[in-house]
Enquirer: 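What follows is a structure written as structure tokens; I'll ask about it next.
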Amino acid sequence: MTSELDIFVGNTTLIDEDVYRLWLDGYSVNDAVALRVRSGILEQTGATTGVLQSDTMDHYRTFHMLERLLHAPPKLLHQLIFQIPPSRQALLIERYYTFDEAFVREVLGKKLSKGTKKDLDDISTKTGITLKSCRRQFDNFKRVFKVVEEMRGSLVDNIQQHFLLSDRLARDYAAIVFFANNRFETGKKKLQYLSFGDFAFCAELMIQNWTLGAVDSQMDDMDVDLDKEFLQDLKELKVLVADKDLLDLHKSLVCTALRGKLGVFSEMETNFKNLSRGLVNVAAKLTHNKDVRDLFVDLVEKFVEPCRSDHWPLSDVRLFLNQYSASVHSLDGFRHQALWDRYMGTLRGCLLRLYHD
């Protein structure tokens, strides 16, 4: 009995995207084979289970060898062992650093340390993401953080330069690094309705306006650390609620501008002083690390929940915040307009994102 065997020899490393995804998702070879069989690949190709097992193992070996290069993506571009087209290299890198929304919500704002890593078993059980995939994602967050935390310059640019990620993914990692560095609380029950995208949106606003880099592009860690001098200066805003005349005039200006335009006008008029105290007191407390960490908890408690309980539609929240911010410029006795704009410009954007009516 004679057998015919077709052999093809080439030097281009073949990457099966479906198998790569299974490997990234943390499946063992046997589990990956079972999932591939279930997908109908044997019927599509006429292959045997044995061939499929060998093919899967071969891909897994390749991915394991590539992994050390994926830890420092520029090395993948410059190595000569694996002949991989540039488009395939980009795909390998992007997918290796892609993360699951459910996973990042569990670790966002936590210290990227061994202590948090010990919790990955529980996170895996809670989210249904394999422990191996959780470890890869956590190690990616930690690796990026360690590389860029001490660098000068734009956080997003530094991440793109050293990890070759797409603009969107680099911005997401910038948010993760920013939250890890400032330890913002995101895990409280009242914050569970917020997505990673909500927090990332706010992180981008804060990086652009509240960090050292917002005022001096030559500062070290410019996009990672909040501007401490700015946070100290925010105490000056307390005059807006401590001075009764200023508070009354601010309320009068806002109410005059919004009368007939706001569906919840009476509720706004009644609660104006409480809402204003809440927003200004959040600013005044940001000199303390704990209050910085609790920023999102405070914003939800002091503004989002009171407006929600009075059934404010998002359109009314937007009108109110716009007028509330702008009216301060008509207060003759107030001398911190630039500071107010820097604070409220960011806070307004965050509150609108946090408010889900």
Side-chain angles (χ1 to χ4, degrees), residues 101 105 108 168 171-172 175 179 184-186 188-210 214 234 237 240-241 246-284 286 294-331 334 336-357:
E101 162 92 15
R105 273 301 277 113
L108 188 66
R168 181 65 267 160
R171 289 180 184 280
D172 286 345
F179 266 65
F184 292 111
E185 173 61 59
T186 67
K188 291 280 178 69
K189 187 175 180 180
K190 63 179 60 195
L191 301 179
Q192 290 306 303
Y193 76 98
L194 296 169
S195 67
F196 168 72
D198 295 329
F199 287 117
F201 177 86
C202 295
E204 192 161 346
L205 286 179
M206 286 189 280
I207 288 170
Q208 289 170 355
N209 299 292
W210 287 7
L234 287 175
L237 300 182
L240 286 170
V241 293
L246 272 182
L247 180 58
D248 288 342
L249 180 54
H250 192 190
K251 176 180 177 180
S252 175
L253 289 169
V254 173
C255 290
T256 299
L258 293 180
R259 193 178 303 276
K261 297 178 182 177
L262 217 61
V264 290
F265 181 84
S266 62
E267 291 87 347
M268 182 276 292
E269 189 176 30
T270 301
N271 292 324
F272 179 89
K273 291 184 178 180
N274 285 334
L275 292 174
S276 188
R277 287 191 187 101
L279 295 177
V280 172
N281 286 336
V282 165
L286 290 178
D294 287 340
L295 173 64
F296 293 98
V297 177
D298 289 340
L299 292 180
V300 168
E301 285 182 352
K302 306 296 185 186
F303 186 84
V304 174
E305 287 179 346
C307 292
R308 245 199 228 136
S309 68
D310 282 339
H311 308 292
W312 287 40
L314 181 59
S315 57
D316 279 4
V317 173
R318 180 177 287 105
L319 275 173
F320 170 75
L321 287 173
N322 288 345
Q323 195 58 49
Y324 175 78
S325 301
S327 294
V328 166
H329 289 272
S330 300
L331 299 175
F334 184 68
H336 307 286
Q337 309 288 2
L339 180 67
W340 173 255
D341 288 344
R342 187 177 175 190
Y343 173 65
M344 273 308 296
T346 293
L347 204 72
R348 183 173 65 242
C350 287
L351 287 169
L352 290 173
R353 185 68 185 235
L354 301 182
Y355 195 84
H356 294 190
D357 62 342

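Side chains are part of it too, since the values below use all heavy atoms of this structure and drop only hydrogens, waters and symmetry mates.
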Enquirer: Would you give the length of the straight line joining atom CD of E305 to atom CG of D310, rounded to the nearest 0.5 angstrom?
Expert: 12.5 Å

Enquirer: Establish, yes or no, whether the cationic atom of R348 lies under 6.0 Å from the six-membered ring centre of F303 and within 45° of the ring axis.
Expert: no

Enquirer: So, do Y355 and L321 sit near enough that their side-chain heavy atoms are less than 4.5 Å apart?
Expert: no

Enquirer: With a 4.5 Å cut-off on side-chain heavy atoms, are V317 and L352 touching?
Expert: yes

Enquirer: Where is the tightest heavy-atom contact between F334 and Q337, given as atom of each residue plus distance?
Expert: O-NE2, 3.4 Å

Enquirer: Donor-acceptor check, side chain of E101 to backbone of F196, threshold 3.5 angstrom: yes or no?
Expert: yes

Enquirer: About how many Å separate CG of L262 and CG of D316, when rounded to the nearest 0.5 Å?
Expert: 4.0 Å

Enquirer: Determine the minimum heavy-atom distance between A175 and A203, stating which atoms define it.
Expert: CB-CB, 3.8 Å

Enquirer: Enter the distance from M268:CE to L319:CG here, rounded to the nearest 0.5 Å.
Expert: 10.0 Å

Enquirer: If you measure from SG on C350 to CG on D198, what distance do you get to the nearest 0.5 Å?
Expert: 10.0 Å

Enquirer: Which atoms form the tightest heavy-atom contact between R277 and L247, and what is the distance?
Expert: NH2-CD2, 3.8 Å

Enquirer: Looking only at the aromatic ring of each residue, does the gap between the centers of Y324 and H250 stay below 6.0 angstrom?
Expert: yes

Enquirer: Run the numbers on L194 and L191 for side-chain contact (heavy atoms from CB on, under 4.5 Å), then give the verdict.
Expert: CA-CA 6 Å; L194 296 169; L191 301 179; 4.0 Å; yes

Enquirer: Could you state the interatomic distance from CG (L234) to CZ (R342), rounded to the nearest 0.5 Å?
Expert: 8.5 Å

Enquirer: Indicate yes or no: at least one non-hydrogen side-chain atom of K273 is less than 4.5 angstrom from one of D248.
Expert: yes

Enquirer: Please determine if E269 and K251 form a salt bridge, counting it only when a charged side-chain N lies under 4.0 Å from a carboxylate O.
Expert: no

Enquirer: Between the main-chain N or O of L237 and the side-chain N or O of W340, is there a donor-acceptor pair closer than 3.5 Å?
Expert: no

Enquirer: Given R353 and L205, is the side-chain contact (heavy atoms from CB on, under 4.5 Å) satisfied, shown in steps?
Expert: CA-CA 11 Å; R353 185 68 185 235; L205 286 179; over 6 Å; no

Enquirer: Under the ring pair (Phe, Tyr, Trp, His ring centres under 6.0 Å) test, which residues partner F184, sequence neighbours left out?
Expert: F178, F179, F296

Enquirer: Report yes if the side chains of S276 and V254 come closer than 4.5 Å at any heavy-atom pair, otherwise no.
Expert: no

Enquirer: Find out whether L354 and C202 are in side-chain contact, i.e. whether some heavy atom of one side chain is under 4.5 Å from a heavy atom of the other.
Expert: yes

Enquirer: Using 30° and 60° as the class boundaries, would you call the ring planes of W210 and Y343 parallel, tilted or perpendicular?
Expert: parallel

Enquirer: So, F320 versus W312, ring centres under 6.0 angstrom or not?
Expert: yes

Enquirer: May I ask you to decide if L108's main-chain N or O and T186's side chain share a donor-acceptor pair within less than 3.5 Å?
Expert: yes

Enquirer: Is there a donor-acceptor pair closer than 3.5 Å between any side-chain N or O of T270 and the backbone N or O of S266?
Expert: yes

Enquirer: Got a second to check how far N209's CG is from M344's CE, nearest 0.5 Å?
Expert: 12.5 Å

Enquirer: Not counting sequence neighbours, which residues clear salt bridge (charged side-chain N to carboxylate O under 4.0 Å, His left out) with R105? List them please.
Expert: none

Enquirer: So, does S309 use its side chain to make a donor-acceptor pair with the main chain of P306 at under 3.5 Å?
Expert: yes

Enquirer: State, with a plain yes or no, whether a side-chain heavy atom of L347 is found less than 4.5 Å away from one of L299.
Expert: yes

Enquirer: Any non-hydrogen side-chain atom of T346 less than 4.5 Å from a side-chain atom of Q208?
Expert: no

Enquirer: Could you please spell out the steps behind the side-chain contact (heavy atoms from CB on, under 4.5 Å) verdict for L331 and L240?
Expert: CA-CA 9 Å; L331 299 175; L240 286 170; 3.6 Å; yes

Enquirer: Suppose we screen for side-chain hydrogen bond (donor to acceptor under 3.5 Å, both in side chains). Which residues come up paired with K261, at least two apart in sequence or across chains?
Expert: none

Enquirer: With a 3.5 Å distance limit and no angle check, can you tell me whether S327 reaches the backbone of Q323 through a side-chain donor-acceptor pair?
Expert: yes

Enquirer: Hey, does the side chain of R171 reach the backbone of E204 with a donor-acceptor pair shorter than 3.5 angstrom?
Expert: no

Enquirer: More than 12 heavy atoms of other residues, nucleotides or ligands under 6.0 Å from NZ of K302: is that the case?
Expert: no

